[in-house]
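Report on the following structure.
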Amino acid sequence: TPLEAGLALTQPTQAEAEAMGVRDWPPTIITQGGRGAFDADVEDGSLRYVLEGSGTVQRDTTGEPLAVSPNTLVRVVGEGGALRWQLDEGVDELVLLTPEYK
């Protein structure tokens, strides 16, 4: 059976984050307003690292919203799709770091 599409959230240690080169990943800034932001074209194994801000992330519009905060590493599990980010009340922006896929 295919793996159920989902998200794996971890809190890497500083050493783990440095080993992955997280600080060198280019930032994406998601701002408050509207229905939140969609992060299209994620695939199995895609990574997003939350540098600043807090809120929730879910797979497409059907997944369970999962809480994210600084130092949360989000890994896409299963088939790709889109991610939907929602900022917490009072949070102005969410800063995500994304490795560049070649």
Side-chain angles (χ1 to χ4, degrees):
T1 56
L3 190 60
E4 184 182 348
L7 297 172
L9 272 55
T10 55
Q11 303 270 329
T13 64
Q14 188 169 353
E16 288 168 340
E18 286 173 3
M20 287 189 296
V22 164
R23 296 289 176 173
D24 296 327
W25 298 354
T28 301
I29 297 174
I30 293 174
T31 55
Q32 188 64 278
R35 298 175 311 161
F38 282 88
D39 186 349
D41 303 327
V42 295
E43 50 198 46
D44 184 26
S46 290
L47 298 172
R48 300 290 184 269
Y49 179 82
V50 181
L51 184 65
E52 293 174 21
S54 62
T56 60
V57 61
Q58 68 187 108
R59 284 295 298 267
D60 302 299
T61 54
T62 55
E64 188 71 24
L66 301 172
V68 297
S69 58
N71 192 44
T72 301
L73 182 69
V74 177
R75 184 170 60 86
V76 174
V77 179
E79 290 182 17
L83 298 178
R84 183 178 180 203
W85 300 89
Q86 194 76 41
L87 278 63
D88 281 344
E89 196 71 37
V91 173
D92 292 327
E93 62 182 30
L94 200 58
V95 180
L96 306 175
L97 302 181
T98 305
E100 297 194 280
Y101 288 97
K102 298 288 183 261

Measure the spacing between [atom1] of [X] and [atom2] of [Y] and express it to the nearest 0.5 Å.
| X | Y | atom1 | atom2 | value |
| --- | --- | --- | --- | --- |
| Leu73 | Thr10 | CG | OG1 | 4.0 Å |
| Leu9 | Arg48 | CG | CZ | 13.0 Å |
| Leu97 | Leu51 | CG | CG | 5.0 Å |
| Gln58 | Leu7 | CD | CG | 9.0 Å |

Checklist entry - Looking only at heavy atoms, which two atoms of Val76 and Asp44 are closest? And how far apart? => result O-OD1, 3.3 Å
Checklist outcome for this item: Closest heavy-atom pair, Val50 versus Gly53, reported as atoms and distance to 0.1 Å, is CG1-O, 3.8 Å
Residues which pass side chain to side chain contact (heavy atoms under 4.5 Å, CB included) with [X], listed by chain and number, not counting sequence neighbours:
| X | result |
| --- | --- |
| Val91 | Ser54, Leu87, Asp88 |
| Ala8 | Arg75, Val77 |
| Asn71 | Gln11, Pro12, Tyr49 |

Checklist entry - What do the steps show when you test Thr56 against Val68 for side-chain contact (heavy atoms from CB on, under 4.5 Å), and what is the final call? => result CA-CA 5 Å; Thr56 60; Val68 297; 5.9 Å; no
Item to check | Worked verdict on Glu52 versus Leu94 for side-chain contact (heavy atoms from CB on, under 4.5 Å) | outcome: CA-CA 6 Å; Glu52 293 174 21; Leu94 200 58; over 6 Å; no
Checklist entry - side-chain contact (heavy atoms from CB on, under 4.5 Å) between Trp85 and Thr28: does it pass, once the steps are laid out? => result CA-CA 12 Å; Trp85 300 89; Thr28 301; over 6 Å; no
